[in-house]
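Worksheet: one structure, shown below.
A quick note: this is a predicted structure, and the numbers were derived from the prediction, not measured. A note on names: the letters A, B, ... follow the listed sequences, proteins ahead of strands, and every chain is numbered from 1.
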Amino acid sequence: MSWQLYIDDHLMADIEGNHLTSAAIVGHDGSVWAQSANFPQFKPDEITGIMNDFENPGSLAPTGLYLGGTKYMVIQGEAGAVIRGKKGPGGVTLKKTNQALIIGIYDEPMTPGQCNMVVEKIGDYLVDQGL
Amino acid sequence: MEAVVVDAGSKLLKAGFAVPDHPPSMIIPTQMKCLPADESSTDASLHEIIVDPVIRGFISDWDAMEDLLDHVLYNGLGWEIGNEGQILFADPLSTPKAAREQLVQLMFERFNISGFYASDQAVLSLYAIGRISGCTVDIGHGKMDIATVIEGAVQQISSRRFELGGLDLTNLLAQELGKSYPLVNLSISDVEQIKEQYACCAEDDDAYEKLQLSCPEEQHTLPDGQVIKIGRERYTVGEALFQPSILGLQAHGVVEQLVHCISTVSSENHRQLLENTVLCGGTASMSGFEDRFQKEASLCSSAIRPCVVKPPEYMPENLSKFSAWVGGAIIAKVVFPQNQHVTKADYDETGPSIVHRKCY
């Protein structure tokens, strides 16, 4: 099963009438496994910062979470597993699996709760598979 | 049917249907008495145990909480078994994840509700006064929370919780009165009443010093008929929030703690937070507290000077005693119709951990 199918069929699928703006599955080193068409171009040090926040929760909060040049305000996530960021009515959810990062970016009318459901569900499934 | 909003505090439980412009229909004490199952003993009063399901803001006795909620929902608010509605809970700051999960589990499995949502009390108190960003200083019976909220999200890093509240002030007052009247037997509930009636804050440090030396005294009649005079003890209680050394704690006063919390947030948000400071909670409604707070705040350096916000006129009086509940009523009107809450189907599919994903 190719990684692109995970993006197209699962992450970008409709949930309660809404869908993510963009999504990607990225390795811990920043290498892209698959991404949706309009996923922003991100920089390697943004991923380094994110991985660092999983190790030391709270390190991104003072400066903010950057992804593809966009600044997100860090809100309550789950230490070592989920980072959530907010930008106005939209935001981003990042779920860490054993070897990858699942990233989902949403905007209105999608709610943060719906984004979390999609991203974290795929993440949990991959963790169960050992990935 | 309207959603039910519940704010379980250490001393008072506020519950009611989500009607934002009114105070909650039920404001009952959280403390419960446990009567023995067998009535065979002739002297039943010896066996009454006082149970506090909520200690320092967090639910600690789940069985007692279940009984209390049973009473509130079915007897107080008129829910029928088989036709339960939706419920919104106001949680204090830093509620442990396990506690939230347990609450969701209790709600769906024992009470069989159709929808659930939980939100932080700090965010709700801000919604009650019509803001989405700001700081809240919530001084309750069991705890004091200083929280910074930006666009509806609590900044966990710069928010603080203190295990200091009305309960400690009551103990302080009991201690002080015990010094002045060693022979009088004062029960905690009497002292609690005296505190609510007489406690106030001096205008500033100097005024407090003067009052310590000479202070007009008021007479108070205890339930058992004895008369005691209350003088400077009432100001001592109010002062303890600004000088915790009175309580024997090595901590800064409440205004300094607030400034400290705000300074840990990135500076672009400072103005937003400072201009929208809310005082809420039962203990914060002590007479003279707000004025003293504002005065201490104006003594701060002009870069970080908090400014207390007044509630809107259409809100009921004494909003600070139940602002989290009113905020809950406001948000219930938005969250439940838009299906942003945890539904029974979601819970069945994912389990209690869904509360961390959907509610914040």
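For B:Ile150, the parts lying under 4.5 angstrom from a heavy atom of chain A are both the backbone and the side chain. Heavy atoms of B:Gln340 lying under 4.5 Å from chain A belong exclusively to its side chain. For B:Asp346, the part sitting under 4.5 Å from any heavy atom of chain A is the side chain, from C-beta outward, and nothing else. At a 4.5 Å heavy-atom cutoff, A:Val82 makes no contact with chain B through either its backbone or its side chain. Looking at A:Pro112, both its backbone and its side chain come within 4.5 Å of chain B, counting heavy atoms on both sides.
Of all the heavy atoms in A:Ala61 and B:Ile157, the pair that sits closest is CB-CG1, 3.6 Å. Nearest heavy-atom pair across A:Pro62 and B:Ser266 is O-CB, 3.8 Å.
With hydrogens and angles ignored, the 3.5 Å screen pairs no side-chain donor or acceptor of A:Lys86 with any backbone N or O of B:Gly152.
In B:Glu268, the CD atom is crowded: over 12 heavy atoms of neighbouring residues, nucleotides or ligands sit closer than 6.0 Å. In B:His341, the NE2 atom is crowded: over 12 heavy atoms of neighbouring residues, nucleotides or ligands sit closer than 6.0 Å. Annotation: B:His252, atom NE2; neighbour count of heavy atoms from other residues, nucleotides and ligands within 6.0 Å does not exceed 12.
Once rounded to the nearest 0.5 Å, the distance linking CD of A:Glu16 with OG1 of B:Thr343 reads 7.5 Å. Here A:Asn116 contributes atom CG and B:Cys359 contributes atom SG; the two are 10.5 Å apart, rounded to the nearest 0.5 Å. Annotation: the span from B:Asn269 atom CG to A:Met73 atom CE amounts to 7.5 Å, rounded to 0.5 Å.
A:Glu78 has no carboxylate O lying under 4.0 Å from a charged side-chain N of B:Arg357, or vice versa, which leaves the two without a salt bridge. The existence of a salt bridge linking B:Glu349 and A:Lys121 is confirmed by a sub-4.0 Å separation between a basic side-chain nitrogen and an acidic carboxylate oxygen.
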Could you go through A:Thr111 and B:Lys358, starting from their C-alpha distance and side-chain angles, then the distance that decides it, and tell me whether this counts as side chain to side chain contact (heavy atoms under 4.5 Å, CB included)? CA-CA 9 Å; A:Thr111 66; B:Lys358 274 205 143 184; over 6 Å; no

